[in-house]
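Below is one structure; the comments refer to it alone.
Side-chain atoms are counted along with the backbone in the values below, which use heavy atoms only and exclude waters and symmetry mates.
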Amino acid sequence: MPIAAQDVKWIEEPKLNFLEQLYLPAIFAGIATTAKHFGRTLIGQDITQQFPEEQPKLPANYRGVHRLNRDEQGRVKCVACYMCSTACPAHCIDIVAAPSPWPDREKYPETFVIDELRCIYCGMCEQACPVDAIELTTLYDLTGLSREEMMYDKEKLLSVFDQTVKAGTDPIRTRGGRLGPASELP
């Protein structure tokens, strides 16, 4: 079905005056921005952080390394529903389900692998999970010497949970408060 003529809106190209044709206002605006930033460094506002001696101050809802949560009995919380894998736009989550040895659920992940190099850290896996089994932590110093080291399997993801719980750095999205969709108080 063709577009009706009354639905088409023609836009005229804006006319530039003489100064705008010379781009002088844009050049002066760029020089002003440069002078403003140069002035900040002269008065002592450091812009460069000396990492790793100075640790960065990240926002509370920063999305870093993934973790798989444990339930109250220390078991993996995941029920292998594949919703995180389906929601992931980067297709970096791979799950193999198996029948659960526990009576309170039907399946559990026999293998759960996240390719941290492929991940875009969007948080859609976290939002899709119906049992809050996967979360993005505030850990940012993610390193590896090979691609294989950056493939986080179930054991590595559970160790990230243990590490963050021990350090007391649970993601802000798991606690009640004003940040994030899961933070409304009951």
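- In this structure, the side chains of Tyr152 and Leu142 come closer than 4.5 Å at one or more pairs of heavy atoms.
- Across all their heavy atoms, Pro109 and Ala80 have their closest contact at N-CB, 3.9 Å.
- Residues Asn69 and Arg67 have side chains that bring a donor and an acceptor to within less than 3.5 angstrom of each other.
- A 6.0 Å sphere centred on CD of Glu12 holds no more than 12 heavy atoms belonging to other residues, nucleotides or ligands.
- With contacts defined as side-chain heavy-atom distances shorter than 4.5 Å, the pair Val65/Leu136 does not qualify.
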Check the pair Leu58 / Thr138 against side chain to side chain contact (heavy atoms under 4.5 Å, CB included), numbers first and verdict last.
CA-CA 8 Å; Leu58 299 172; Thr138 55; 5.8 Å; no
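- Salt bridge absent: Arg118 and Asp94 never bring a charged side-chain N and a carboxylate O closer than 4.0 Å.
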So Arg70 and Asp162, salt bridge (charged side-chain N to carboxylate O under 4.0 Å, His left out) or not? Walk me through it.
CA-CA 9 Å; Arg70 296 182 188 270; Asp162 297 336; 3.0 Å; yes
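- Atom CD of Glu72 sits in a sparse spot, with 12 or fewer heavy atoms from other residues, nucleotides or ligands closer than 6.0 Å.
- From Ile95, atom CD1 reaches atom OH of Tyr82 across 6.5 Å, with rounding to the nearest 0.5 Å.
- Summarising the geometry, atom CZ belonging to Phe112 is positioned 11.0 Å from atom CG belonging to Asp153; distances are rounded to the nearest 0.5 Å.
- In this structure, CZ in Arg75 is found 6.0 Å from CH2 in Trp102, a value given to the nearest 0.5 Å.
- The same ILVMFWY cluster, assembled from side-chain heavy atoms under 4.5 Å apart, contains both Leu157 and Leu117.
- Leu16 CG: more than 12 foreign heavy atoms inside a 6.0 Å radius.
- Within a 6.0 Å sphere centred on CD of Glu149, heavy atoms belonging to other residues, nucleotides or ligands number more than 12.
- Tyr108 has its side chain within reach of Pro101: a pair of non-hydrogen atoms, C-beta onward, lies under 4.5 Å apart.
- Contact check for Pro89 versus Met124: side-chain heavy atoms found under the 4.5 Å cut-off.
- Residues Met151 and Val113 share a closest heavy-atom pair of CE-CG1, 4.0 Å.
- A 4.5 Å side-chain heavy-atom check between Lys107 and Ser100 finds every atom pair outside the cut-off.
- In this structure, the side chain of Ser85 engages the main chain of Ile93 through a donor-acceptor pair within 3.5 Å.
- With hydrophobic clusters built from ILVMFWY side chains whose heavy atoms lie under 4.5 angstrom apart, Leu22 shares a cluster with Phe28.
- Looking only at side-chain heavy atoms (C-beta outward), Asn17 and Gln21 stay at 4.5 Å or farther from each other.
- Counting heavy atoms of neighbouring residues, nucleotides and ligands inside a 6.0 Å radius, atom CD1 of Ile3 does not exceed 12 of them.
- Between Cys125 and Ile134, the closest heavy-atom pair is O-CG2, 3.6 Å.
- Between the NE2 atom in His91 and the OG1 atom in Thr86 there is a gap of 9.5 Å [rounded to 0.5 Å].
- Annotation: side chain of Ile114 is in contact with side chain of Glu116 (closest heavy-atom distance under 4.5 Å).
- Counting heavy atoms from C-beta outward, Lys154 and Leu68 have side chains that approach closer than 4.5 Å.
- Heavy-atom minimum distance, Phe161 versus Thr164: O-OG1, 3.0 Å.
- Separating the OH atom in Tyr140 from the CZ atom in Phe51 is a distance of 4.5 Å, to the nearest 0.5 Å.
- With values rounded to the nearest 0.5 angstrom, His66 atom NE2 is found 3.5 Å from Cys119 atom SG.
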